[in-house]
Amino acid sequence: MAVTLAPGLERRLKAEISGDVRFDRFTCGRYATDASHYQMLPLGVVAPRSVAEAERAIAIARAEKVTVLPRGGGTSQSGQTVNHSLVIDCSKYLNRILDLDIAGRRCVVEPGIVLDDLNRKLKRHGLWFPVDISTASRATIGGMAGNNSCGARSLRYGVTRDNVLSIDAVLADGSAAHFGPVGAALRDPAPDPKLRPLAEDLLAIGLRESDEIAARFPKVQRRVGGYNLDALAPNAPLHNLAHILVGSEGTLGFSTRIELKLWPLLGRRAVGACHFARFYDAMAAAQHIVKLKPIAVELVDRTMIELARGIDMFRPTVDAFVRGAPDAVLLVEFAEDDWDENLGRLRRLEDLMGDLGFAWSNSGAKWGGVAQVLDPKLQAAINEVRTAGLNIMMSMKEEGKPVSFVEDCAVPLEHLAEYTARLTSVFEKHGTRGTWYAHASVGCLHVRPVLNLRLDKDKQAMRAIAEEAFAMVAQYKGSHSGEHGDGLVRSEFHKPMFGERLVHAFEEVKDRFDPGGLFNPGKIVRAPKFDDRTNFRYGPGYHGEPTTAVLDWSAYPGVGGGFQGAVEMCNNNGACRALAGGVMCPSYRATRDEKDVTRGRANTLRLALTGQLGPNALTSDEMAETMKLCVSCKACRRECPTGVDMARMKIEVQAARAAKYGLRLHSRLVGFLPRYAPVAARLAWLSNLRDVIPGAAALSESIAEFSSRRTLPRWRSDWFRDSETSKNSLPRMRGRVGEGEATGTALKDKEAASLPSPASGGGEETREVVLFADTFNRYFEPENLRAAVNVLGAGGYRVRVATPADGTSRPLCCGRTFLAVGRVDEARREAERSLAALAPYASRGVPIIGLEPSCLYSFRDEIPAIVKDGRSADVAGHAVLFEEFLAREAGAGRLVLPLAPLAGRALLHGHCHQKSFDAMGAVQAVLKLVPELALETIESSCCGMAGSFGYHADTIDVSLAMGELSLLPAVRNAPAEAIIVADGTSCRHQIKDGTGRAAIHVARLLERCLGA
Ligand SMILES: Cc1cc2nc3c(=O)[nH]c(=O)nc-3n(C[C@H](O)[C@H](O)[C@H](O)COP(=O)(O)OP(=O)(O)OC[C@H]3O[C@@H](n4cnc5c(N)ncnc54)[C@H](O)[C@@H]3O)c2cc1C
Ligand code: SF4
Ligand code: SF4
């Protein structure tokens, strides 16, 4: 990857800007890609703290003769957000609402505010910005205006352009101006006086080209290609100068304030799921359906339905709205204020389907009809299925991937059926395929053919498909870009789409705004060839450097036994940049820095593994910094649409560094804790002195980097002994739910069905279980293990404690602490010891129960990746969290727990790995077994403690900041009598440190009710 040096630029920016100014290779590499297949290395990156700083940065860039690329979330799919420029990242600091006029339904925002963030703030006023794009969780308003983004409900709300009232922008000459509505002849209202000459010239271009615009501009709502010359034509419904900036992809100016039109929140919706036996018929029907004035018509095709049906958690949703095996379903949404009107339109939809000849009673091509979906929860679940289905499609592990370049063409609805059929044949002709989805209402269907852009033949296929597709679109008078913009993908094709004359007019507009080519050159006008491989992410010479990986990545291609392929799974869609909802990625939520998000880390790894960051990049300090704030929460493993598992990848980096440099004292103390724990616990009085003797904590900080602002976990002399089971866990007669004592509350079928069900076999006969006593509960909170033994005993289970098979006395360990510091060899040793002890139980079908989520899940996640034998798979199949086990047993009617009522409230915080492994339902279900207990789950991401992360002097501040995002305030606000339940050792410690309140493991709450 070529690096262009700009020392004057860097020096001046650093001297004059208080925001982030970074010119190092690693940072530049992280900003070299967007969600397209392109890669262009920027000169440097600035995150200005204010609009004034952004203006300053632009002025310095102009003086230093370098170009400028404005950037929001970097989620563009067409390569408009990559360039060899100075990147100005608006998302980190320029994200405020500057003005909100509720009565007038308008607001003014800075460009870096994220759409979902804005809408969360507007919700309490009953308003929203309704351009509901799929990337709403991370796309910024500046980026949406830059791309003229379009939401699924554009039939009702229009596109971004229709909802932008005005824009303040910094222009190439350094002036700042207000772009807003102007009257005819530039009077009533008149433009910002500074803009008058520019406005006159622009309207003159519009007047001159009005015939050409009328003839050549596509007649579809979804046209986002080229500049919006139609906004300048004399017959435009409204002359708003801001609309020439909308969709200009950062090529005309830098937006600093954007005024938006707001709408009342949507009310209750009625959805009709129209079933078709043939895809073609669904496409042909769309033109008739829109006449009923729905607000959206979204396509789900057979592939998507089948993918979702194959997944346990989605099957019930699919079964709830899909009948039989349709080739396509159109989800038609009505949302009028009057509910009866919605129902009336649904009835008319049914009539329409009948008129078109479809009936449930038919067979063959005319089988079909409408399934009504009125339940808002089911509507939300369907939405989730749609998103997830798409994600699964995107997560192909091989080198060929679905590529976005004809993905958002839009054609008039009367041609939709023919267009989709013809394009499908084009794909087949070039040996590829694609799945169709999205916005049938506006003729803008998404489709991505699968190609491997490392191969010349696939690059050639890409050009051939693009040329054939765009020719077809032009023939139908459609638009080659109906949603995602021009960037590097579409700009080359403006001539065949708009004609030479209008392309010249586009160039005139660009030159009138930006004669020196300061802003984002090579986009919309004067673009390079779209298949110029020097601009590709997988450019010429792209190759993996020889790498040895310590974990098993064999499911993927590439060096490091597939490590490269796993890293390349990141397609930059940016879901990990969400600021709320889900739990990915806590470090980004705390710092808002691209370095600290899953995407930033994956990009850094990809560049390192392919030699683009210089020699030894994997073991470099910059790489260590990139990984430093990753708390290994595994949220990305579950929530990243393509399954990027950064916690595992971090182990590779830690291992490579440990092999090269050895371990620092801090890491030694953390990693080897299970080895010295027996001695430390025996000498508990001595081991605990660090938090007793004045000055000792400060000393431990300077010597071993343990922050003096935290107490360390307290060693207990009454640690849990392996022999502590017999008196408590006596076998009980097998009972049935509802029989016997205080309770025996059964789970509802649905809750039980959603729980994981590791194999159970002979264990059921003997009701035998084996407890894996982890190091943390054993030595720091033994009462948790004792509680678990008591509860299991009371449930009638014979509890064994797993002990070493080799006859040694040191307790078993999963190896997690060694993994955390990169000592995979030692982790493997511990894992093998544990497997030797647990495998005999697993082979008899005995459930293996653990309390600490991160330890127990090591048996299901990392251990099979470091010990490749049948034992690890067998143990993984039987390892189950305490609450998963109880929930499963209760769900199956095998558990009676004599639990007394507890009239109170429990506040539940989930450990990251409980969330990552879908165990939250289980712990909630178990808590619901307690009669009269009210349960509330805290909407929290990582607690911030994350093993040793929160103890390190370097990371304690971020650790506390993560806790403060939601968990700690929620606990502080909870009533004093509420019981805080947290199953993670670290989470309990963080809660105690941050709020002074004690949290308990669910086992202890259950035990308390047993004793009541
Ligand atoms: C999985 C996926 C789904 C998507 N779904 C949709 C969808 O439903 N609808 C849709 O329309 N798009 C969609 N997109 C495309 C993309 O997410 C949107 O276009 C989004 O609005 C881009 O926002 P951003 O903040 O990431 O912008 P960026 O990519 O950062 O920037 C977009 C453009 O705006 C310019 N820009 C940014 N800030 C400024 C500024 N302050 N001044 C001037 N120019 C600026 C940039 O230079 C760039 O040209 C999708 C993308 C992905 C990966
Ligand atoms: S890490 Fe996953 S969620 Fe984040 S950008 Fe990459 S693919 Fe998207
Ligand atoms: S493991 Fe957690 S902290 Fe690390 S990248 Fe993934 S989501 Fe972010």
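Scope of the values below: all heavy atoms of this structure, side chains included, with no hydrogens, waters or symmetry mates.
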Next on the checklist: With heavy-atom distances below 4.5 Å as the criterion, would you say the side chains of L935 and L933 are in contact?
Outcome noted: no

Next on the checklist: For C630, is there any backbone N or O sitting under 3.5 Å from a side-chain donor or acceptor partner on K650?
Outcome noted: yes

Item to check | From CG (L838) to OG (S872), nearest 0.5 Å | outcome: 12.0 Å

Checklist entry - Can you check whether T955's main-chain N or O pairs, donor with acceptor, with S959's side chain at less than 3.5 Å? => result no

Checklist entry - Within the distance-only criterion (no hydrogens, no angle test), does the side chain of S700 pair as donor or acceptor with the backbone N or O of A697 below 3.5 angstrom? => result yes

Checklist entry - Do R589 side-chain atoms and A578 backbone N/O form a donor-acceptor pair below 3.5 Å? => result yes

Checklist entry - Looking at V631 and C942, what are the two nearest heavy atoms and their distance? => result CG2-SG, 3.8 Å

Item to check | Parallel, tilted or perpendicular, as decided by the 30° and 60° cut-offs, for the rings of F672 and F818 | outcome: perpendicular

Item to check | Distance-minimising heavy-atom pair for R997 and A976 | outcome: NH2-O, 3.2 Å

Item to check | Side-chain heavy atoms of S843 within contact of D874, under 4.5 Å | outcome: yes

Item to check | Lys/Arg-Asp/Glu bridge criterion (N-O < 4.0 Å) met for R638, D918 | outcome: yes

Next on the checklist: Assess whether a salt bridge exists between R871 and D869, defined as any Lys/Arg side-chain N lying under 4.0 Å from an Asp/Glu carboxylate O.
Outcome noted: yes

Checklist entry - Just checking, is any N or O donor in the side chain of Q924 or T937 under 3.5 Å from an acceptor N or O on the other one? => result yes

Item to check | Residues R860, E884; criterion salt bridge (Lys or Arg N to Asp or Glu O under 4.0 Å); working and verdict | outcome: CA-CA 13 Å; R860 304 226 302 243; E884 286 179 308; 3.3 Å; yes

Next on the checklist: Using 0.5 Å steps for rounding, measure from the NE2 atom of H1001 to the CG atom of L1006.
Outcome noted: 9.5 Å

Item to check | From CG (D983) to CD1 (I1000), nearest 0.5 Å | outcome: 9.5 Å

Item to check | side-chain contact (heavy atoms from CB on, under 4.5 Å) assessment of T711 paired with K992 | outcome: CA-CA 10 Å; T711 55; K992 181 81 186 146; over 6 Å; no

Item to check | Heavy-atom closest pair, residues P840 and L835 | outcome: CD-O, 4.3 Å

Checklist entry - Taking R833 for the side chain and C813 for the main chain, is one N or O donor matched with an acceptor at less than 3.5 Å? => result no

Checklist entry - Between P713 and N688, which heavy-atom pair has the shortest distance, and what is it? => result O-OD1, 4.3 Å

Item to check | Side-chain touch T317/I382, heavy atoms, less than 4.5 angstrom | outcome: yes

Next on the checklist: If you apply the rule salt bridge (Lys or Arg N to Asp or Glu O under 4.0 Å), what do you find for D691 with R714, and how did you get there?
Outcome noted: CA-CA 9 Å; D691 291 323; R714 222 166 53 79; over 6 Å; no

Checklist entry - With a 4.5 Å heavy-atom cut-off, do R710 and I956 have their side chains touching? => result yes

Next on the checklist: Tell me whether R894 is salt-bridged to E889, with the criterion being a basic N under 4.0 Å from an acidic carboxylate O.
Outcome noted: yes

Item to check | Flag side-chain contact, heavy atom, 4.5 Å: T598 against Y588 | outcome: no

Next on the checklist: Please determine whether a side-chain nitrogen of the Lys or Arg among R1004 and E1007 lies less than 4.0 Å from a carboxylate oxygen of the Asp or Glu.
Outcome noted: no

Checklist entry - Do any N or O atoms from the side chain of K915 and from the backbone of G910 form a donor-acceptor pair under 3.5 angstrom? => result yes

Checklist entry - Could R778 and F720 be counted as a cation-pi pair, given that NZ or CZ must be under 6.0 Å from the ring centre and within 45° of the axis? => result no

Next on the checklist: Go through it in stages, so that I can follow the logic: the residues are L785 and E724, the test is side-chain contact (heavy atoms from CB on, under 4.5 Å), and I'd like the CA-CA distance, side-chain angles, deciding distance and then a yes or no.
Outcome noted: CA-CA 9 Å; L785 289 163; E724 289 188 53; over 6 Å; no

Next on the checklist: If you apply the rule salt bridge (Lys or Arg N to Asp or Glu O under 4.0 Å), what do you find for R816 with E852, and how did you get there?
Outcome noted: CA-CA 11 Å; R816 165 139 300 280; E852 176 59 28; over 6 Å; no

Checklist entry - Counting N and O atoms only, with roles assigned by atom type, does the side chain of S940 sit under 3.5 Å from a partner on the main chain of L967, one being a donor and the other an acceptor? => result no

Checklist entry - Can you check whether C814 reaches D774 side chain to side chain, under 4.5 Å on heavy atoms? => result no

Next on the checklist: If you compare all heavy atoms of V958 against all heavy atoms of A590, which two are closest, and at what distance to 0.1 Å?
Outcome noted: CG1-CB, 4.1 Å

Checklist entry - Above 12 or not: heavy atoms from other molecules or residues under 6.0 Å from CD of E939? => result no

Checklist entry - Does the D861 side chain pair with the main chain of Y857, one donor and one acceptor, at a distance under 3.5 Å? => result no

Next on the checklist: Using side-chain contact (heavy atoms from CB on, under 4.5 Å), reason through I979 and L902 one step at a time and then give a plain yes or no.
Outcome noted: CA-CA 11 Å; I979 304 167; L902 182 58; 3.7 Å; yes

Checklist entry - Would you call the rings of Y951 and H989 parallel, tilted or perpendicular, where under 30° means parallel and over 60° means perpendicular? => result perpendicular

Item to check | Spatial distance of atom CZ (R829) from atom CD1 (I866) [nearest 0.5 Å] | outcome: 11.5 Å

Checklist entry - What is the distance from atom CG of D552 to atom CD of E862, rounded to the nearest 0.5 Å? => result 12.5 Å

Checklist entry - So do V583 and E639 actually touch side chain to side chain, heavy atoms under 4.5 Å? => result yes

Item to check | Donor-acceptor contact below 3.5 Å, side chain S916 vs main chain C912 | outcome: no

Checklist outcome for this item: CD (E883) and CG (L881) are apart, to the nearest 0.5 Å, by 4.5 Å

Checklist outcome for this item: Between V824 and L819, the two heavy atoms sitting closest are CG2-CD2, 4.3 Å

Next on the checklist: Tell me whether R716 contacts the main-chain N or O of Y779 through its side chain, where contact means a donor paired with an acceptor under 3.5 Å.
Outcome noted: no

Item to check | Criterion side-chain contact (heavy atoms from CB on, under 4.5 Å) on W715 and V679, from CA distance to verdict | outcome: CA-CA 10 Å; W715 294 97; V679 179; over 6 Å; no

Item to check | Side-chain heavy atoms of S854 within contact of F776, under 4.5 Å | outcome: no

Checklist entry - Got a sec, which residues hit salt bridge (Lys or Arg N to Asp or Glu O under 4.0 Å) with R810, two or more places apart in sequence or on another chain? => result E830

